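The structure under discussion appears below in the form of structure tokens.
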Amino acid sequence: MKKITATDSLTLSIPERIQLVEDIWDTIAAEAQSIELTEDEKRIIDERLEAYHRNPDLGSPWEDVYKRLVSKQ
């Protein structure tokens, strides 16, 4: 298999680049269980989960966040 670089990928069309990224992501997702979190990452997740449990109404539903993001484009 020929190795390609990030620069090589720029010669691809946008749909081809999107497909390449999807293919790469699929290979990562297939092995996601082998990725271990660092202690700092675990601590951050625990802190955020604890903050959510203290005040679950503080955040925004994903639908609202998505609408805000899309409206800024």
Side-chain angles (χ1 to χ4, degrees):
M1 180 171 152
K2 178 188 171 212
K3 291 186 177 185
I4 64 168
T5 65
T7 303
D8 294 333
S9 69
L10 297 177
T11 63
L12 300 172
S13 68
I14 291 177
E16 290 171 322
R17 283 185 269 165
I18 291 170
Q19 185 61 56
L20 176 61
V21 170
E22 289 177 356
D23 292 345
I24 292 170
W25 183 253
D26 289 345
T27 65
I28 293 169
E31 298 179 33
Q33 68 280 1
S34 66
I35 299 172
E36 295 205 21
L37 298 175
T38 67
E39 290 305 314
D40 281 342
E41 291 167 331
K42 291 176 185 177
R43 179 186 50 74
I44 290 168
I45 291 169
D46 288 341
E47 288 172 359
R48 290 179 182 179
L49 186 58
E50 184 180 327
Y52 167 75
H53 286 300
R54 280 195 311 267
N55 193 350
D57 296 326
L58 188 60
S60 299
W62 167 243
E63 295 81 13
D64 294 348
V65 173
Y66 180 78
K67 287 176 188 174
R68 284 196 307 266
L69 291 171
V70 171
S71 71
K72 292 181 180 182
Q73 294 180 354

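Note that the structure is predicted; figures quoted are calculated from it, not measured. When reading the values below, keep in mind they use all heavy atoms of this one structure, side chains included, and skip hydrogens, waters and symmetry mates.
- Here the CD1-NZ distance, from I45 to K42, works out to 9.0 Å after rounding to the nearest 0.5 Å.
- How far CD1 of I24 is from CD of Q19: 10.5 Å, rounded to the nearest 0.5 Å.
- Counting non-hydrogen atoms of neighbouring residues, nucleotides and ligands closer than 6.0 angstrom, the CZ atom of R17 exceeds 12 such neighbours.
- Within 6.0 Å of CD1 in I14 there are 12 or fewer heavy atoms belonging to other residues, nucleotides or ligands.
- The environment of E36 atom CD is sparse: at most 12 non-hydrogen atoms of other residues, nucleotides or ligands sit within 6.0 angstrom.
- Counting Ile, Leu, Val, Met, Phe, Trp and Tyr side chains that sit under 4.5 Å apart, directly or through other members, V70 shares a hydrophobic cluster with W62, V65, Y66, L69.
- Listed here is the closest heavy atom pair of P56 and R54: CD-C, 3.9 Å.
- In the hydrophobic cluster analysis, where Ile, Leu, Val, Met, Phe, Trp and Tyr join through side-chain heavy atoms closer than 4.5 angstrom, I4 is grouped together with I28.
- Here CG of L12 is found 11.5 Å from CD1 of I18. Values are rounded to the nearest 0.5 Å.
- For R43, the salt bridge (Lys or Arg N to Asp or Glu O under 4.0 Å) partners are D40, E47, not counting sequence neighbours.
- Looking at every heavy atom in both residues, E16 comes nearest to S13 through OE1-N, 2.8 Å.
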